[in-house]
Chemist: 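Dropping a structure here in structure tokens format, bear with me for questions.
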Amino acid sequence: YTQNGSSWSYRMIGTTLSGDFNGIATNGKRTVAVGLYGSVIYTDDGKTWRTSYPFSYKPGLGRSHLFDVVWGANKFVAAGNGGIYYSADGNSWKQAKVPFRDQYGDLRNILWTGKFFVASSQTSGTYTSKDGLNWTHVASVSEDWLTSMIWDGKRLLAAFRVHNYD
């Protein structure tokens with residue numbers, strides 16, 4: 001962590017499952033980091049981290065890898081294998097309803113615009129939600145992966161990963 005961008009301190013943190021974290025979000029009071037094998041850690045002061053084990057092992061699927069997390073609509077919302085997961089406190093998590101074609105939904109990125117969420121998959125396209133609980137597939141967006149997204153206050157801008165199979 002840093003307060004000025006030039007002087008940094010660090011702590012080695014992780015869970016018994018993994019130390020690979022992919023996303024971090026805060027609501028101003030609590031900060032949550034998510035990662036591989038369903039790893040979730042959270043802190044209220046940036047120094048003392050607690051571990052949460054919200055995701056059980058599923059035969060044939062394993063544990064959900066989490067790739068990104070945001071704070072919006074008064075909850076943390078994480079994207080990963082199997083879909084979207086949400087939590088008011090960063091400790092207890094539930095799975096949201098996402099209309100995937102199969103059980104392996106693989107969402108990689110998530111963004112909160114202040115009015116709605118947008119999540120993108122490597123293989124299943126783009127999804128939106130106003131509450132983070134109920135999601136809709138957006139057919140008008142390319143099936144290619146939105147690798148990065150920002151909200152500029154008026155519109156969502158995204159970078160795509162396009163595969164040329166020719």
Side-chain angles (χ1 to χ4, degrees), residues 15 17-18 20-44 49-160:
T15 69
L17 301 173
S18 175
D20 294 330
F21 293 96
N22 302 308
I24 190 166
T26 187
N27 62 9
K29 294 180 182 177
R30 176 157 288 176
T31 300
V32 172
V34 300
L36 300 184
Y37 303 103
S39 296
V40 177
I41 57 174
Y42 59 95
T43 182
D44 295 330
W49 292 82
R50 293 175 192 86
T51 301
S52 174
Y53 295 101
F55 307 107
S56 60
Y57 180 86
K58 295 179 182 177
L61 295 175
R63 291 187 193 280
S64 297
H65 292 316
L66 302 175
F67 299 108
D68 204 3
V69 63
V70 296
W71 172 261
N74 296 313
K75 66 185 76 64
F76 291 100
V77 182
N81 294 71
I84 297 290
Y85 305 87
Y86 63 93
S87 172
D89 62 6
N91 183 32
S92 299
W93 294 78
K94 294 182 180 177
Q95 189 166 8
K97 297 174 186 167
V98 182
F100 288 123
R101 289 177 271 203
D102 58 40
Q103 64 183 338
Y104 303 104
D106 188 17
L107 293 169
R108 294 290 178 134
N109 306 46
I110 189 165
L111 174 78
W112 169 248
T113 69
K115 295 182 180 179
F116 59 92
F117 295 93
V118 178
S120 178
S121 165
Q122 283 184 297
T123 59
S124 301
T126 302
Y127 297 82
T128 61
S129 173
K130 290 187 179 191
D131 60 10
L133 308 177
N134 299 292
W135 291 78
T136 303
H137 184 255
V138 181
S140 62
V141 177
S142 170
E143 286 297 317
D144 294 305
W145 177 20
L146 302 179
T147 57
S148 183
M149 301 178 284
I150 62 164
W151 177 256
D152 71 2
K154 298 178 195 167
R155 66 194 148 259
L156 187 139
L157 303 168
F160 285 82

Chemist: Which heavy atom of Ser120 sits nearest a heavy atom of Leu146, and at what distance?
Modeler: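 Closest approach of Ser120 to Leu146: OG-N, 2.9 Å.
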Chemist: Side chain to side chain contact (heavy atoms under 4.5 Å, CB included) for Phe67 and Leu36? Distances and angles first, verdict last.
Modeler: CA-CA 7 Å; Phe67 299 108; Leu36 300 184; 4.2 Å; yes
Chemist: Using a 4.5 Å cut-off on heavy atoms from C-beta on, say whether the side chain of Thr128 contacts that of Phe117.
Modeler: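 They are not in side-chain contact.
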Chemist: Report the C-alpha separation of Phe116 and Trp151 in whole Å, then their side-chain angles, then the decisive distance to 0.1 Å, and conclude whether the ring-ring contact (aromatic ring centres under 6.0 Å, His included) test is met.
Modeler: CA-CA 11 Å; Phe116 59 92; Trp151 177 256; 5.7 Å; yes
Chemist: Less than 4.5 Å apart, any side-chain heavy atom of Ile24 and any of Val32?
Modeler: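 When only atoms from C-beta onward are counted, Val32 and Ile24 do not touch, as no gap falls below 4.5 Å.
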Chemist: Pair Val77, Tyr85 - check side chain to side chain contact (heavy atoms under 4.5 Å, CB included), show working.
Modeler: CA-CA 6 Å; Val77 182; Tyr85 305 87; over 6 Å; no
Chemist: Mind listing the closest non-hydrogen atom pair of Ser52 and Tyr42 along with its distance?
Modeler: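 In terms of heavy atoms, the two residues are closest at CB-CE2, 4.1 Å.
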Chemist: What pair of heavy atoms forms the shortest contact from Phe21 to Ser39, and how long is it?
Modeler: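 That closest heavy-atom pairing would be CE2-CB, 3.8 Å.
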Chemist: Do Leu111 and Leu156 come close enough that some side-chain heavy atom pair is under 4.5 Å?
Modeler: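 Side chain of Leu111 against side chain of Leu156, heavy atoms only: contact under 4.5 Å found.
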Chemist: Under 3.5 Å, is there a donor-acceptor pair between the side chain of Ser64 and the main chain of Gly38?
Modeler: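 No, Ser64 side chain to Gly38 backbone: no donor-acceptor pair under 3.5 Å.
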Chemist: Should Val138 and Tyr127 count as side-chain neighbours, where that means a heavy-atom distance under 4.5 Å?
Modeler: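 Of all side-chain heavy-atom pairs linking Tyr127 with Val138, none is under 4.5 Å.
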Chemist: Roughly how far, to the nearest 0.5 Å, is the OG1 atom of Thr51 from the CD1 atom of Ile41?
Modeler: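 Here the interatomic distance stands at 6.5 Å.
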Chemist: Does Val118 reach the side chain of Met149, with side-chain heavy atoms less than 4.5 Å apart?
Modeler: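 Yes, at least one pair of side-chain atoms sits under 4.5 Å.
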Chemist: Over all heavy atoms of both residues, which pair between Ala73 and Asp131 is shortest? Give the atoms and the distance, please.
Modeler: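 Of all heavy-atom pairs spanning Ala73 and Asp131, the closest is CB-O, 4.2 Å.
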Chemist: Which heavy atom in Arg108 sits nearest to a heavy atom in Asp68, and how many Å separate them?
Modeler: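 That closest heavy-atom pairing would be O-CB, 3.5 Å.
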Chemist: Within the side chain of His65, is there an N or O that forms a donor-acceptor pair under 3.5 Å with the backbone of Gly80?
Modeler: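 Side chain of His65 to backbone of Gly80: no pair is present.
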Chemist: Does a side-chain heavy-atom distance below 4.5 Å link Leu157 with Asp152?
Modeler: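 Side-chain contact under 4.5 Å: yes.
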Chemist: Is it the case that the side chain of Ser121 and the backbone of Leu107 share a donor-acceptor pair, with hydrogens and angles ignored and the cut-off at 3.5 Å?
Modeler: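 Side chain of Ser121 to backbone of Leu107, a donor-acceptor pair under 3.5 Å: no, none is there.
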Chemist: Distance-only, no hydrogens or angles: does the Ser87 side chain make a donor-acceptor pair with backbone N or O of Trp93 under 3.5 Å?
Modeler: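 Side chain of Ser87 to backbone of Trp93, a donor-acceptor pair under 3.5 Å: no, none is there.
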Chemist: What's the spacing between Asn81 CG and Tyr37 OH if we round to 0.5 Å?
Modeler: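 Interatomic distance, Asn81 CG to Tyr37 OH, rounded to 0.5 Å: 10.5 Å.
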Chemist: CG of Asp89 to CZ of Arg30: how many Å apart, nearest 0.5 Å?
Modeler: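 With rounding to 0.5 Å, CG (Asp89) is 6.0 Å from CZ (Arg30).
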Chemist: Whether the side chain of Asn109 engages the backbone of Thr147 through a donor-acceptor N/O pair (distance < 3.5 Å, no angle test) should be reported.
Modeler: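 Such a contact is found between Asn109 side chain and Thr147 backbone.
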Chemist: How long is the straight-line distance from CG of Asn22 back to CG of Leu66, given to the nearest 0.5 Å?
Modeler: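 The distance works out to 8.0 Å.
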Chemist: Under 3.5 Å, is there a donor-acceptor pair between the side chain of Lys75 and the main chain of Gly90?
Modeler: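 Side chain of Lys75 to backbone of Gly90: no pair is present.
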Chemist: Is there a side chain to side chain contact (heavy atoms under 4.5 Å, CB included) between Thr26 and Trp71 once you walk through the steps?
Modeler: CA-CA 6 Å; Thr26 187; Trp71 172 261; over 6 Å; no
